[in-house]
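Below you'll find the structure, written out as structure tokens, and then a few comments.
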2 protein chains.
Amino acid sequence: MTLDPHADRPLFRQLADVIRNDIKSGRLAPGVKLRSLHQLAAEHEVGVATVEEALAVLRAEGLIRTQKGRGSFVVEPVDQVEVEINGEAWVSARMPDPAEARELGIPATGVPVLIVEEGDDVRLLAADGHKVHFRPGQK
Amino acid sequence: MTLDPHADRPLFRQLADVIRNDIKSGRLAPGVKLRSLHQLAAEHEVGVATVEEALAVLRAEGLIRTQKGRGSFVVEPVDQVEVEINGEAWVSARMPDPAEARELGIPATGVPVLIVEEGDDVRLLAADGHKVHFRPGQK
DNA sequence: TAAAATTTGTGCGTATGTATT
DNA sequence: AAATACATACGCACAAATTTT
């Protein structure tokens, strides 16, 4: 599975595709540390900057998280809190701004927020840890 | 409002902050075209690559969209379709992978997807055009 | 129609800084 | 202290899409 500099798809997207496949297929399990930027660059014969871009793609998709000085890790599933709704409500989602991400303790990219509106009550929830359950008539 | 190379916050984030403020305050209205990479680089005395990174931040937040050869534009609000739910259902959100984004006709970054599960029925919806309405007892 | 200019995209190399091991 | 690893920033070159001349 070699990268092709002449292909239509950019190198950094091709590399992101390869790693995404490894994650979705389970070859890279949750919690596992990816190889370093330099290792990946050498193995795939691309520049370090190209690898960085590929990892940025995967961070934006919420598949990995990166810690400076440590490395990049496949995201582990978070325990999901079920948010119970009985009455009328609206639910939407969007990306957080940096202040919201900081407040919710989520990465700058990769994790959307759920907005739950019940009357005047509006809740902002990190989407990676919450699931809204609509349960009519069980007050 | 000059950028500070010695500040704790990286230059590209400082620049993203400046532009985000302009958008949220309305100084940059929906639909408006941003200045070009080179213009922004010259005005703020940073490299073009730094501007690109700043715009990538704003794309990931869903605030702007960029078209090659045209420029970057402040996102215009989309008409929201209300998805009506009467019975039991679960709603969650996450970032799409590239295939899903393409199918839904949304950018690679910036727009989460809403997942609505009603029994065996599972719907994937672009979050920028849908709002889920829980309306119990109105079959 | 054609050419040129504009604008963003991709890729690399390099240097420096910061955090972790 | 030293090595490793990621983050930031810049410059350059070329490609690709669009707009203007």
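Every chain is numbered from 1 and lettered A, B, ... according to where its sequence line falls, protein lines coming before strand lines.
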Query raised in the report: Taking the side chain of E52(B) as its heavy atoms from C-beta onward, which of dG9(C), dC12(C), dC10(D) lies nearest to it?
Result: dG9(C)
Query raised in the report: Closer than 4.0 Å, any side-chain N/O of R70(A) to the OP1 or OP2 of dA19(C)?
Result: no
Query raised in the report: So do N21(A) and I23(A) actually touch side chain to side chain, heavy atoms under 4.5 Å?
Result: no
Query - Flag for E82(B)-H130(B): side-chain donor and acceptor within less than 3.5 Å - result: no
Requested in this report: State the pairing partner of dA1(D); accept Watson-Crick or G-U wobble contacts with both distances under 3.5 Å, and report none otherwise.
Outcome: none
Report summary line: Between D17(A) and the options R13(A), R20(A), Q14(A), the side-chain hydrogen bond (donor to acceptor under 3.5 Å, both in side chains) test singles out R20(A)
Report task. For G69(A), report the nucleic acid contact type (base, sugar-phosphate, nothing); a contact means any heavy atom under 4.0 Å. Result -> base
Report task. Calculate the interatomic distance between L15(A) atom CG and dT10(C) atom P; express it in whole Å. Result -> 14 Å
Query raised in the report: In terms of side-chain heavy atoms of R13(A), which of dG11(C), dT10(C), dT8(D) is nearest?
Result: dT10(C)
Query - Nucleotide nearest K68(A) when distance is taken to its side chain, options dC12(C), dA19(C), dG9(C) - result: dA19(C)
Query raised in the report: Looking at T50(B), does any N or O in its side chain come under 4.0 Å of the phosphate oxygens OP1/OP2 on dT8(D)?
Result: no
Query raised in the report: Does atom CD of E45(A) have more than 12 heavy-atom neighbours, drawn from other residues, nucleotides or ligands, at distances under 6.0 Å?
Result: no
